[in-house]
Amino acid sequence: MSESGTSHRKFMAIAIEEAKQALAEGEVPVGACIVMDREVIARAHNMREGYSDSTAHAEMLVIREASSRLGRWRLSDCTLYVTLEPCAMCAGAVVQARLGTLVFGAFDDKAGAVGSLYDIPRDFRLNHFVEVVPGIMSEETSELMKGFFTGRR
């Protein structure tokens, strides 16, 4: 269930707000939200440092929150917005959660699993195929990542 380009920008802006929160907390600035029926039902940002948990990526946390709120693990009527192309773990979780659509901002040439290194959500060999809309607000999301890593060097 895909949204229009205007809606994509609206919801990606919310994911960017979450990424900025992650940045303020010293986390890699990745943010996400899940939308159902044009309403945000869950939002999260990276919390690996805060939780001391390598799986606490924004996507994993937002999928857990949406599933908890809806009382179900199948999210086929939902759209995930995330500021960075998901890694293999998160792309796998997108498939396992049966998300209908994945919208992301910046590509990740080093770890991306939705077109850069792999294409897990669109792999027809798997049991679920996810609609993917890449590159939404990619300049803004790329700048967040570049700024974070430039500041760490």
Side-chain angles (χ1 to χ4, degrees), residues 1-3 6-108 110-118 120-121 128 130-149 151-152:
M1 159 185 297
S2 183
E3 306 289 329
T6 302
S7 291
H8 286 326
R9 292 183 64 80
K10 171 186 170 185
F11 295 121
M12 185 60 73
I14 292 168
I16 289 171
E17 288 174 15
E18 286 292 322
K20 288 179 179 175
Q21 182 64 37
L23 184 62
E25 295 173 12
E27 300 279 351
V28 175
V30 178
C33 67
I34 291 184
V35 174
M36 186 177 78
D37 297 329
R38 299 178 191 253
E39 181 180 329
V40 175
I41 61 166
R43 50 193 297 170
H45 56 272
N46 273 5
M47 289 296 298
R48 289 191 313 172
E49 301 299 331
Y51 291 172
S52 298
D53 180 353
S54 61
T55 69
H57 291 203
E59 301 96 323
M60 302 296 284
L61 298 174
V62 80
I63 288 169
R64 287 182 194 134
E65 182 181 336
S67 293
S68 177
R69 285 200 174 161
L70 295 174
R72 58 186 164 94
W73 63 269
R74 288 181 188 88
L75 303 176
S76 57
D77 54 347
C78 297
T79 300
L80 168 62
Y81 289 84
V82 62
T83 57
L84 183 66
E85 177 184 1
C87 68
M89 173 183 68
C90 294
V94 165
V95 171
Q96 291 300 316
R98 309 295 194 269
L99 276 152
T101 306
L102 166 64
V103 180
F104 70 87
F107 281 89
D108 184 350
K110 293 183 179 177
V114 188
S116 289
L117 299 178
Y118 309 99
I120 293 169
H128 180 70
V130 180
E131 178 185 352
V132 175
V133 181
I136 300 297
M137 298 178 71
S138 61
E139 294 86 23
E140 294 92 328
T141 56
S142 290
E143 286 304 313
L144 276 170
M145 296 300 290
K146 287 177 189 171
F148 175 79
F149 286 108
R152 304 223 8 129

Nearest heavy-atom contact between Ala97 and Ile63 is CB-CG2, 3.9 Å
Looking at Gln96, is its backbone amide N or carbonyl O close enough to the side chain of Arg98 to form a donor-acceptor pair, meaning the two atoms are under 3.5 Å apart? yes
The side-chain contact (heavy atoms from CB on, under 4.5 Å) partners of Arg64 (sequence neighbours excluded) come to Thr55, Met60, Leu61
Here the ring pair (Phe, Tyr, Trp, His ring centres under 6.0 Å) pairs for residues 83-108, sequence neighbours left out, are Phe104-Phe107
All heavy atoms of Val82 vs all of Met12, minimum pair found to be O-CE, 3.4 Å
Rounding to 0.5 Å, atoms CZ (Arg9) and OG1 (Thr6) come to a distance of 8.5 Å
Output for pair (Glu139 CD, Lys146 NZ), nearest 0.5 Å, gives 9.0 Å
Lys10 meets the side-chain contact (heavy atoms from CB on, under 4.5 Å) criterion, sequence neighbours left out, with none
When rounded to the nearest 0.5 Å, the distance separating CD1 of Ile16 from CG of Leu23 is 12.5 Å
From the list Asp77, Leu80, Val94, Thr79, side chain to side chain contact (heavy atoms under 4.5 Å, CB included) with Thr101 holds only for Thr79
Output for pair (Glu17 CD, His45 NE2), nearest 0.5 Å, gives 12.5 Å
The side-chain contact (heavy atoms from CB on, under 4.5 Å) partners of Ser68 (sequence neighbours excluded) come to none
One should read off an interatomic distance between Ser138 OG and Leu84 CG, to the nearest 0.5 angstrom, of 11.5 Å
Nearest heavy-atom approach of Lys110 to Leu117 is O-CD1, 3.2 Å
Pair up each side-chain donor or acceptor in residues 27-36 with any protein partner under 3.5 Å, not counting sequence neighbours, and list the distances.
unit_1	atom_1	unit_2	atom_2	d
Glu27	OE1	Arg48	N	3.1
Glu27	OE1	Glu49	N	3.0
Glu27	OE2	Glu49	N	3.2
Glu27	OE2	Gly50	N	2.7

Sorted by chain and number, sequence neighbours left out, side chain to side chain donor-acceptor pair (under 3.5 Å) with Glu85 holds for Ser116
**OP:** Could you go through the side-chain contact (heavy atoms from CB on, under 4.5 Å) check for His128 and Arg74 one step at a time?
**Re:** CA-CA 11 Å; His128 180 70; Arg74 288 181 188 88; over 6 Å; no
Original post:
Between Glu25 and Gln21, is any side-chain donor less than 3.5 angstrom from a side-chain acceptor?
Top reply: yes
Nearest heavy-atom approach of Pro121 to Val95 is CA-CG2, 3.7 Å
Exercise. May I ask you to test the Met47-Asp53 pair for a side-chain heavy-atom distance under 4.5 Å?
Key: no
Closest heavy-atom pair, Ile41 versus Ala66, reported as atoms and distance to 0.1 Å, is CD1-CB, 3.9 Å
Of all heavy-atom pairs linking Thr141 and Ala106, the shortest is OG1-N, 3.0 Å
